[in-house]
Amino acid sequence: MQIFPKDNICLAQVCQSKNEAITLAGQILVRNHYVVDAYVEDMLLREADVSTYIGNNVAIPHGLVTSEDKILASGISLVQVPAGVEFDGERVYLVFGIAGKNNEHLAILGKIAQVCSDLRNIELLSHTQSKDEILTLFQEVI
């Protein structure tokens, strides 16, 4: 199973709240069989505890330490919100949902952070209408 296929990308979304964006990112993971439904609730609980905003207009919501049994396979989802959505006073355009089987979440976080550390990549990812363009940026690291 691919960790970040085209089906895991949702472009040009409008989200009224960070919880809506996190839920959408989680539902992509559920729909594509990376996690069970209860994982989405864990993503929301994690966010209520500690913000998953990482800077550069990017958030990376994920489950709790106790969520391992709700993860079927490692995967990444991406919700692009061109108008942005507020995460604790910060504007977020890219919401990456992640699920890491066997503690792979730290490696996944690092790979996303590597791509998102370049502001030119953030600009492209935030506004592109091409899933292929997104996947091209990530193909070297994922």
Applying side-chain contact (heavy atoms from CB on, under 4.5 Å), name anything that partners Glu20, two or more places apart in sequence or on another chain.
Cys15, Gln16, Ser17
If the condition is side-chain contact (heavy atoms from CB on, under 4.5 Å), which residues does Glu133 pass it with, not counting sequence neighbours?
Leu124, Thr128, Ser130
Tyr53: which other cluster members, linking ILVMFWY side chains closer than 4.5 Å, directly or transitively?
Met1, Ile22, Leu24, Ile28, Leu29, Val30, Tyr34, Val35, Tyr39, Val40, Met43, Leu44, Ile71, Val79, Val81, Val85, Phe87, Val92, Val95
For the atom pair [atom1] ([X]) and [atom2] ([Y]), what is the distance rounded to the nearest 0.5 Å?
{"X": "Ile9", "Y": "Phe4", "atom1": "CD1", "atom2": "CZ", "value": "4.0 Å"}
{"X": "Leu119", "Y": "Asn56", "atom1": "CG", "atom2": "CG", "value": "4.5 Å"}
{"X": "Leu135", "Y": "Gln139", "atom1": "CG", "atom2": "CD", "value": "8.5 Å"}
{"X": "Ile60", "Y": "Ser51", "atom1": "CD1", "atom2": "OG", "value": "11.0 Å"}
{"X": "Arg46", "Y": "Thr66", "atom1": "CZ", "atom2": "OG1", "value": "11.0 Å"}
{"X": "Thr136", "Y": "Lys131", "atom1": "OG1", "atom2": "NZ", "value": "14.0 Å"}

If hydrophobic clusters are built from ILVMFWY residues whose side chains come within less than 4.5 Å, do Ile54 and Leu106 share one?
yes
Under a single-linkage definition using a 4.5 Å side-chain heavy-atom cutoff for Ile, Leu, Val, Met, Phe, Trp and Tyr, are Ile122 and Leu109 assigned to the same hydrophobic cluster?
yes
Donor-acceptor contact present, side-chain Asp118 to main-chain Arg120, <3.5 Å:
yes
Would you say the side-chain atoms of Glu86 pair up with the backbone N or O of Arg91, donor to acceptor, closer than 3.5 Å?
no
Would you please test Lys18 and Asp88 for salt bridge (Lys or Arg N to Asp or Glu O under 4.0 Å) and show each step?
CA-CA 9 Å; Lys18 68 179 181 177; Asp88 304 316; 2.9 Å; yes
Heavy-atom closest pair (Val115 atom, Leu137 atom, distance to 0.1 Å) is CG2-O, 3.9 Å
Heavy-atom closest contact (Ala99 atom, Ile108 atom, distance):
O-CD1, 3.7 Å
Determine, step by step, whether Phe138 and Asn121 satisfy the side-chain contact (heavy atoms from CB on, under 4.5 Å) criterion, reporting the C-alpha distance in whole Å, the side-chain angles of both residues, the deciding distance to 0.1 Å, and the verdict.
CA-CA 10 Å; Phe138 283 93; Asn121 290 344; over 6 Å; no
Less than 4.5 Å apart, any side-chain heavy atom of Lys6 and any of Asp132?
yes
Find out whether Glu90 and Asn57 are in side-chain contact, i.e. whether some heavy atom of one side chain is under 4.5 Å from a heavy atom of the other.
no
Using the rule side-chain contact (heavy atoms from CB on, under 4.5 Å), only one of Leu78, Ile76, Leu94 pairs with Ile112; which is it?
Ile76
Can you name the salt bridge (charged side-chain N to carboxylate O under 4.0 Å, His left out) partners of Lys70, sequence neighbours left out?
Asp42
Evaluate Ser77 against Asn8 for side-chain hydrogen bond (donor to acceptor under 3.5 Å, both in side chains), listing each step before the verdict.
CA-CA 5 Å; Ser77 63; Asn8 288 16; over 6 Å; no
According to salt bridge (Lys or Arg N to Asp or Glu O under 4.0 Å), does anything in residues 50-67 pair up with another residue at least two apart or in another chain? List the pairs.
none
Check the angle between the aromatic planes of His127 and Tyr93 and answer parallel, tilted or perpendicular using the 30° and 60° thresholds.
tilted
Using the side chain to side chain donor-acceptor pair (under 3.5 Å) criterion, which residues pair with Thr52? Sequence neighbours excluded.
Glu47
